[in-house]
Amino acid sequence: MKKSAIGILFLFIAASMAQAAVFKGSIKNLNGWQVSYYASAGGMLLPDLRTVEISSDSTFTITVPDGAIERISLLMRGNGKNFFSTFYIGSDGAEVTIDPTTPKGYEPVYGIDSTDIRAAEAVESVNTLFWDLASGAADPLQLRSDSCAVSVKTKLSALADSILPLVDSTQKPIRDILRQDLAMNILEIFNECRARSTSPRRHPSDSILAAWQNTTDEVYSWAQPDNQYNAMSLALSRLANSSMQFKNRNFRPAGIDEYNLFANDFYRKNFSGRNAELLAAQLIFEDSKNGRYSQCIPGLVAQFKKEYSDSPLMAAVDSALAKNIKANTPVENPDIHFLDNKNVDTLADLLKAYRGKTVLIDVWATWCGPCREAFSKIKPVQEAAREKDIVLLYISMDEGDGCEKNVQKVVNSFGLTGEHIIVNPALRADIFKTFGNKDGIISIPHTALIAPNGSFKIKKMDESENPEALAAKLRAL
């Protein structure tokens, strides 16, 4: 994720079990910016990014369950920039004004401690360093070219030591949360360097591998990967999966079900308390989020309910189970049509059947997160298409064994009424040629509008990821 500006806020107020924590906000100068949020429950942060519901008076309210402390992270996106702000709140709540024209994207109203802000921003800068390193952007510590385990550890230790005084200036439990957030970010950077340096493509010697293993043990011991405050970090699941892959390099799952079962067992053996509970719930949640709808999920849900019967994450688990059952239950919907891709070698071949109709093309894939996010809010587009007599034509870029079943699961789960086709090799090539950039790369979801005569009315619609805006554009035709 590209981060051009980041504001991190922490708030701690003594908890009261008598009421939930309420986070309030008002909106100014939004002008097309999108505001989403993550919210923890019971000290566990599920990566469930939700859209902030803004009322008619330009305010919003987010409520989290009772607990000693909960986390809310706001993500604001627009005009090529991102603002990411995190708030830790207790029963007295907090309030901010969201304004993308300000340097940090917000202005505090009440409940904001400047000491916590400075410490949290320093910790978040390490997270930014990780994403820059992983994406090939900035590398101020020159870690990308450093294959020496001890050298990498020394650099990261110095970085942590430079931030810890700020962390220590905060009060408990913020201090403990910040310390673990810092540790998780440092550990992610270390793992990224380790993966690069020990890659088989680099043919590392036995001595280099041994040095990285020894240093890994030291860094993990310092980071405390099973500290219970780690359940409030978005990095926990990435680190858990990295550890699983590192310890089981020869594991090659036959399919997603085998992978899920293996991961579920690994989490329970290597993590405890809130960490184990969060990772088990997240495995179930992300299977649904990623449109996999694996056959093993009902069994994993039954196990989760037996072990964590009063989990504050149960609503997310139940929702994922319901979507899984729906996706795996054959249904006959007369408004969903799957087309035979034989003899459909070009987009022109595909559009012949719709001559005389306006057609909205949606190029997508089951593995595309933004595609599935748009599908979850597709109803306005369906209604607008029905009003304007527009054909909805979905072109799936999926390939490989079992892709037909996976596509049908996603289509059924989101109720994607309209025409559907999965590309064959020839059609795939033509889609890339038609919609790709000069390098032949296509960004999905990609929507385009075809005129009744078969020509392009709009070759690339800017509203591809915004169903409400797309519906408004269709109605304006």
Side-chain angles (χ1 to χ4, degrees), residues 201 241 245 251-263 286-297 323-324 326-331 333 336-354 359-376 378 391-448 450 456 459-461 464-465:
R201 290 177 295 180
N241 290 332
Q245 293 165 10
F251 175 59
R252 298 291 184 271
I256 188 60
D257 283 288
E258 185 177 354
Y259 174 86
N260 283 342
L261 293 171
F262 185 88
E286 291 196 336
D287 183 86
S288 171
K289 176 184 174 183
N290 294 329
R292 297 189 182 104
Y293 306 115
S294 308
Q295 299 291 332
C296 68
I297 291 300
K323 292 177 182 178
N324 182 281
K326 180 179 179 181
N328 285 291
T329 301
V331 293
N333 188 330
I336 296 177
H337 310 128
F338 283 94
L339 307 175
D340 189 344
N341 64 12
K342 293 179 180 178
N343 301 318
V344 182
D345 296 334
T346 65
L347 184 61
D349 292 339
L350 178 59
L351 292 173
K352 286 178 182 178
Y354 307 105
V359 180
L360 179 68
I361 291 175
D362 190 331
V363 183
W364 70 288
T366 58
W367 44 261
C368 168
C371 299
R372 295 190 304 273
E373 176 66 20
F375 290 162
S376 69
I378 199 66
V391 175
L392 298 177
L393 177 58
Y394 296 90
I395 303 176
S396 167
M397 300 297 283
D398 287 84
E399 59 182 340
D401 295 338
C403 70
E404 294 88 354
K405 186 176 181 180
N406 292 335
V407 169
Q408 289 175 359
K409 283 183 179 181
V410 173
V411 170
N412 289 336
S413 66
F414 288 110
L416 299 181
T417 55
E419 312 292 294
H420 295 269
I421 190 167
I422 302 172
V423 295
N424 56 35
L427 181 56
R428 168 185 291 276
D430 192 57
I431 293 297
F432 275 104
K433 179 181 178 181
T434 302
F435 297 117
N437 60 20
K438 60 182 178 61
D439 297 317
I441 298 173
I442 181 173
S443 176
I444 58 175
H446 183 109
T447 53
I450 305 299
F456 281 108
K459 194 169 185 179
K460 177 176 173 52
M461 305 186 75
S464 296
E465 297 183 39

Requested in this report: Rounded to the nearest 0.5 Å, what's the gap from CG on Asn341 to CD1 on Ile421? Could you check?
Outcome: 5.5 Å
Query raised in the report: Is there side-chain contact between Trp364 and Val410, with heavy atoms separated by less than 4.5 Å?
Result: yes
Query - Exceeds 12 heavy-atom contacts within 6.0 angstrom, atom CG of Asn437 - result: yes
**Report entry** Set of disulfide (SG to SG under 2.5 Å) partners for Cys368, sequence neighbours left out
**Finding:** Cys371
Query raised in the report: Asp340 side chain to Lys342 main-chain N or O, any donor-acceptor pair under 3.5 Å?
Result: yes
Query raised in the report: Are a donor atom and an acceptor atom from the side chains of Thr366 and Asn406 found within less than 3.5 Å of each other?
Result: no
Report task. Among Ile395, Val344, Asp398, find the residue that satisfies the side chain to side chain contact (heavy atoms under 4.5 Å, CB included) test when tested with Val423. Result -> Ile395
Requested in this report: Can you measure from CG (Leu392) to CD1 (Ile336) and round to the nearest 0.5 angstrom?
Outcome: 11.5 Å
Report task. Dump the intermediate steps for side chain to side chain donor-acceptor pair (under 3.5 Å) on Asp287 and Ser294, then the final yes or no. Result -> CA-CA 7 Å; Asp287 183 86; Ser294 308; 2.4 Å; yes
Query raised in the report: Who passes salt bridge (charged side-chain N to carboxylate O under 4.0 Å, His left out) against Glu258, sequence neighbours left out?
Result: none
**Report entry** Validation row: Phe414, Asn412 side chains within 4.5 angstrom (heavy atoms)
**Finding:** no
Query raised in the report: What is the distance from atom CG of Leu360 to atom CG of Leu393, rounded to the nearest 0.5 Å?
Result: 8.5 Å
Query raised in the report: In chain order, what residues pass the salt bridge (charged side-chain N to carboxylate O under 4.0 Å, His left out) check against Lys352, with sequence neighbours excluded?
Result: Asp349
Query raised in the report: How would you list, by chain and number, every residue that makes a ring-ring contact (aromatic ring centres under 6.0 Å, His included) with Phe251, sequence neighbours excluded?
Result: Phe262
Query - ring-ring contact (aromatic ring centres under 6.0 Å, His included) partners for Phe435, two or more places apart - result: His446, Phe456
Requested in this report: Find the distance between CG (Asn260) and CD (Gln295) and round it off to the nearest 0.5 Å.
Outcome: 11.5 Å
**Report entry** Partner residues of Asp345 under the side chain to side chain donor-acceptor pair (under 3.5 Å) criterion, sequence neighbours left out
**Finding:** none
Requested in this report: Would you please test Thr346 and Leu351 for side-chain contact (heavy atoms from CB on, under 4.5 Å) and show each step?
Outcome: CA-CA 9 Å; Thr346 65; Leu351 292 173; over 6 Å; no
Query - Reported CG-to-CG distance for the pair Asn333 and Leu416, which is rounded to 0.5 angstrom - result: 10.0 Å
Query raised in the report: Residues in side chain to side chain contact (heavy atoms under 4.5 Å, CB included) with Ser443, at least two apart?
Result: none
Query raised in the report: How far apart are the C-alpha atoms of Ile441 and Phe432, what are their side-chain angles, what is the distance that settles it, and do they pass the side-chain contact (heavy atoms from CB on, under 4.5 Å) test?
Result: CA-CA 7 Å; Ile441 298 173; Phe432 275 104; over 6 Å; no
Report task. Just jot down the side chain to side chain contact (heavy atoms under 4.5 Å, CB included) partners of Ala374, sequence neighbours excluded, or say none. Result -> Pro467
**Report entry** For Lys409, all residues meeting side chain to side chain donor-acceptor pair (under 3.5 Å), sequence neighbours excluded
**Finding:** Asn328
Query raised in the report: NZ/Lys323 to OG/Ser413 distance, rounded to the nearest 0.5 angstrom?
Result: 8.0 Å
Report task. Just grab all the salt bridge (Lys or Arg N to Asp or Glu O under 4.0 Å) pairs involving residues 413-430, residues at least two apart or on different chains. Result -> Glu399-Arg428
Query raised in the report: Stepwise, does the side-chain contact (heavy atoms from CB on, under 4.5 Å) test hold for Met397 with Ile422?
Result: CA-CA 6 Å; Met397 300 297 283; Ile422 302 172; over 6 Å; no
Query raised in the report: Residues two or more places apart in sequence or in another chain: which of them pass ring-ring contact (aromatic ring centres under 6.0 Å, His included) with His420?
Result: Phe338, Tyr394
Requested in this report: For Lys460, look at atom NZ and say whether over 12 heavy atoms of other residues, nucleotides or ligands are found less than 6.0 Å away.
Outcome: yes
Query raised in the report: Can you tell if the side chain of Asp362 reaches within under 4.5 Å of the side chain of Phe375, non-hydrogen atoms only?
Result: yes
Report task. Taking ring-ring contact (aromatic ring centres under 6.0 Å, His included) as the test, write out the residues that go with Tyr293, two or more places apart. Result -> none
Query - Heavy-atom side-chain contact between Lys459 and Thr434 under 4.5 Å - result: yes
